[in-house]
Amino acid sequence: MPAAPHGCSNDTSLPMCYEESAGPLAMIIIPCLLALSTVLVVALIFYSLHKNKQRRQSTSAHFTNGQQSVSLAAASVSAPKVQAALYPWEMPEECVLEGLEFWQTGRHGPICKGLLKKRDGAPSAVVVKSLRDGPNQPEAKEFVEWVLFHATVCKHENVVRMLYCQTKHLPMYLVLDAYSPGNLLHFLWTLRNNSNITDQSLTFSETSVFLVAKQVAAGLDYLMSQHRLVHGDVAARNILIGPGLSARVSGLDVAFGGRRTDPPIRQRAAEVPLKWQAPERIMMQLSIDRSDVWSFGILLYELITLGSPPYPELEPLSVLPKLQGSYRMKRPQNCGGPLYDMMKYCWMWSFKDRPAFSAIIKLLESSQHLAATKDICVPEAIDIFEYNRKAGLLS
């Protein structure tokens with residue numbers, strides 16, 4: 001831009017200078033002055049450009065530093081907030097974990113079973129989920145978020161109970177109530193072929209199915225109504241059974257992953273076995289509360305069959321085409337009409353036609369008096385390998 005005025009100045013001044021010049025001295029001085037003015041103008045242009053570049057760099061550096069300051073400030077603020085939220089859950093000094101035995105490998109590291117011993121009380125069975133060793137900061141951050149998720153969500157009698165955590169230093173871990181007998185699927189398997197049961201806690205009838213199902217529905221309804229959470233993996237393997245057939249929803253990994261956008265976590269959510277998934281989830285990865293309702297219908301089938309795999313006659317990849325052709329599992333043995341009607345209601349093709357969990361609870365309550373009280377008898381024992389094959393649990 002400055003070059004244009006300079007050119008105009010030369011065009012207008014030169015004729016005037018020549019008109020006023022009278023001798024050879026003028027012929028020498030005038031070109032020298034013109035050359036000097038040109039050099040000065042060019043120098044001014046370069047100086048202006050240099051200053052503008054410095055201003056841009058200074059502004060960019062200030063903006064970047066500002067972003068970094070905001071990020072660092074946010075990090076420094078979030079850490080105390082997390083610490084404050086988890087402070088009431090941190091393991092007190094008077095509590096000691098004893099007899100820890102490795103059980104299985106979890107998402108973040110080893111999962112152990114053991115006893116939680118307090119100074120003034122009897123030891124209680126617990127499950128300890130820990131963070132694997134290593135300096136992986138993103139994984140440690142996710143583990144703390146996962147612990148905080150449990151501290152926020154686990155506040156209902158029909159949801160897995162969090163006892164304590166340890167996040168102040170390594171090793172980090174989460175302590176959950178083990179609940180006994182424990183895993184519902186394994187409990188159902190123990191009920192098979194027990195013809196002469198004397199332990200009343202091991203008796204299980206269609207009435208028992210209604211009792212357990214209502215509690216599971218209550219836990220799932222709480223997750224959705226209070227936390228807008230889709231469980232995402234409703235199955236007998238993810239339900240805990242306790243004294244008096246009390247039930248708690250567990251296995252919240254997929255629900256936790258549903259609140260995040262990390263591709264690895266989404267991938268884990270997609271690994272839920274196909275035979276428990278609703279059609280819309282298989283086709284479009286659409287996971288909503290009514291998708292959980294479909295899976296709840298599969299859980300009812302597991303309960304009344306004492307842990308049989310769903311669609312035992314079908315390969316996992318053939319389930320969706322059959323469902324599209326209106327195929328549904330037949331009414332199982334020992335299953336009354338009202339319970340089977342509930343299953344079919346949960347398996348409506350359109351998720352809009354399925355009941356909400358609040359409605360399911362009312363329907364179960366209204367028809368429980370029609371359920372049979374005779375113990376369910378399934379003589380065939382479970383072969384674990386064969387079960388995994390039919391259930392589609394083998395990789």
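Atom set for the values below is all heavy atoms of this structure, side chains included, hydrogens, waters and symmetry mates excluded. Remember, predicted model here, so these are calculated numbers, not experimental data.
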Quick one: pull up [atom1] in [X] and [atom2] in [Y] and give me the separation to the nearest 0.5 Å.
| X | Y | atom1 | atom2 | answer |
| --- | --- | --- | --- | --- |
| Lys275 | Lys390 | NZ | NZ | 8.5 Å |
| Gln226 | Thr152 | CD | OG1 | 13.0 Å |
| Ile298 | Trp276 | CD1 | CH2 | 8.0 Å |
| Cys377 | Asn334 | SG | CG | 8.0 Å |
| Glu302 | Arg237 | CD | CZ | 7.0 Å |
| Leu174 | Leu148 | CG | CG | 11.0 Å |

Minimum heavy-atom separation for [X] and [Y], please, with both atom names.
| X | Y | value |
| --- | --- | --- |
| Ala235 | Leu299 | C-CD1, 4.0 Å |
| Leu220 | Phe357 | CD1-CZ, 3.5 Å |
| Ile360 | Cys346 | CD1-SG, 4.2 Å |
| Arg192 | Val378 | NH1-CG1, 3.1 Å |
| Tyr345 | Leu363 | CE2-CD1, 3.8 Å |
| Ser250 | Ile239 | OG-N, 4.0 Å |

Just by distance, do the side chain of [X] and the backbone of [Y] share a donor-acceptor pair under 3.5 Å?
| X | Y | result |
| --- | --- | --- |
| Gln215 | Leu245 | yes |
| His231 | Gly251 | yes |
| Ser318 | Leu314 | no |
| Tyr222 | Val153 | yes |
| Asn238 | Asp233 | yes |
| Gln104 | Gly106 | no |
| Ser130 | Pro110 | yes |
| Thr305 | Ser308 | yes |
| Glu206 | Gly336 | yes |

Does the plane of the ring in [X] sit parallel, tilted or perpendicular to the ring in [Y]? Use 30° and 60° as the thresholds.
| X | Y | result |
| --- | --- | --- |
| Trp146 | His150 | perpendicular |
| Trp347 | Trp294 | tilted |
| Tyr387 | Trp189 | perpendicular |

Sidechain N-carboxylate O distance under 4.0 Å for [X], [Y]:
| X | Y | answer |
| --- | --- | --- |
| Glu142 | Arg107 | yes |
| Arg354 | Glu280 | yes |
| Glu386 | Arg389 | yes |
| Arg228 | Asp289 | no |

May I ask you to test the [X]-[Y] pair for a side-chain heavy-atom distance under 4.5 Å?
| X | Y | value |
| --- | --- | --- |
| Trp103 | Cys112 | no |
| Glu90 | Lys168 | yes |
| Gln324 | Lys322 | no |
| Met162 | Val175 | no |
| Leu184 | Leu303 | yes |
| Arg281 | Ser287 | yes |
| Cys335 | Tyr301 | no |
| Lys214 | Gln368 | yes |

Count the heavy atoms of every other residue, nucleotide or ligand shown that sit under 6.0 Å from [atom1] of [X], and state whether that count exceeds 12.
| X | atom1 | result |
| --- | --- | --- |
| Glu101 | CD | no |
| Gln333 | CD | no |
| Glu93 | CD | no |
| Leu317 | CG | no |
| Tyr87 | OH | no |
| Lys344 | NZ | yes |
| Arg161 | CZ | no |

Any side-chain donor-acceptor pair under 3.5 Å between Thr167 and Tyr173?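 Their side chains do not contain a donor-acceptor pair, so the 3.5 Å distance test is not met.
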
Going by atom types alone, do Ser291 and Gln277 pair a side-chain donor with an acceptor below 3.5 Å?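 Side chains of Ser291 and Gln277: no pair found under 3.5 Å.
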
Full working for side-chain contact (heavy atoms from CB on, under 4.5 Å) between Leu339 and Ile304: CA-CA 9 Å; Leu339 182 61; Ile304 197 64; 3.9 Å; yes

When you look at Arg132 and Glu139, which way does the salt bridge (charged side-chain N to carboxylate O under 4.0 Å, His left out) test go after all the steps? CA-CA 9 Å; Arg132 64 177 58 88; Glu139 192 169 64; 2.6 Å; yes

Residue pair Leu188, Phe204: steps toward the side-chain contact (heavy atoms from CB on, under 4.5 Å) verdict: CA-CA 9 Å; Leu188 293 173; Phe204 201 81; 4.0 Å; yes

Which residue, Leu97, Val147, Val128, Leu116, forms the side chain to side chain contact (heavy atoms under 4.5 Å, CB included) with Tyr164?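 So the option named by the test is Leu116.
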
Audit row: Ile376, Leu191, side-chain contact (heavy atoms from CB on, under 4.5 Å) steps and yes/no: CA-CA 9 Å; Ile376 300 171; Leu191 300 176; over 6 Å; no

Is it true that Leu300 and Met329 fall in one hydrophobic cluster, defined by side-chain heavy atoms closer than 4.5 Å?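 As far as the 4.5 Å side-chain criterion goes, Met329 and Leu300 are connected within one cluster.
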
Stepwise, does the salt bridge (charged side-chain N to carboxylate O under 4.0 Å, His left out) test hold for Arg248 with Asp177? CA-CA 11 Å; Arg248 292 176 180 171; Asp177 184 7; 3.0 Å; yes

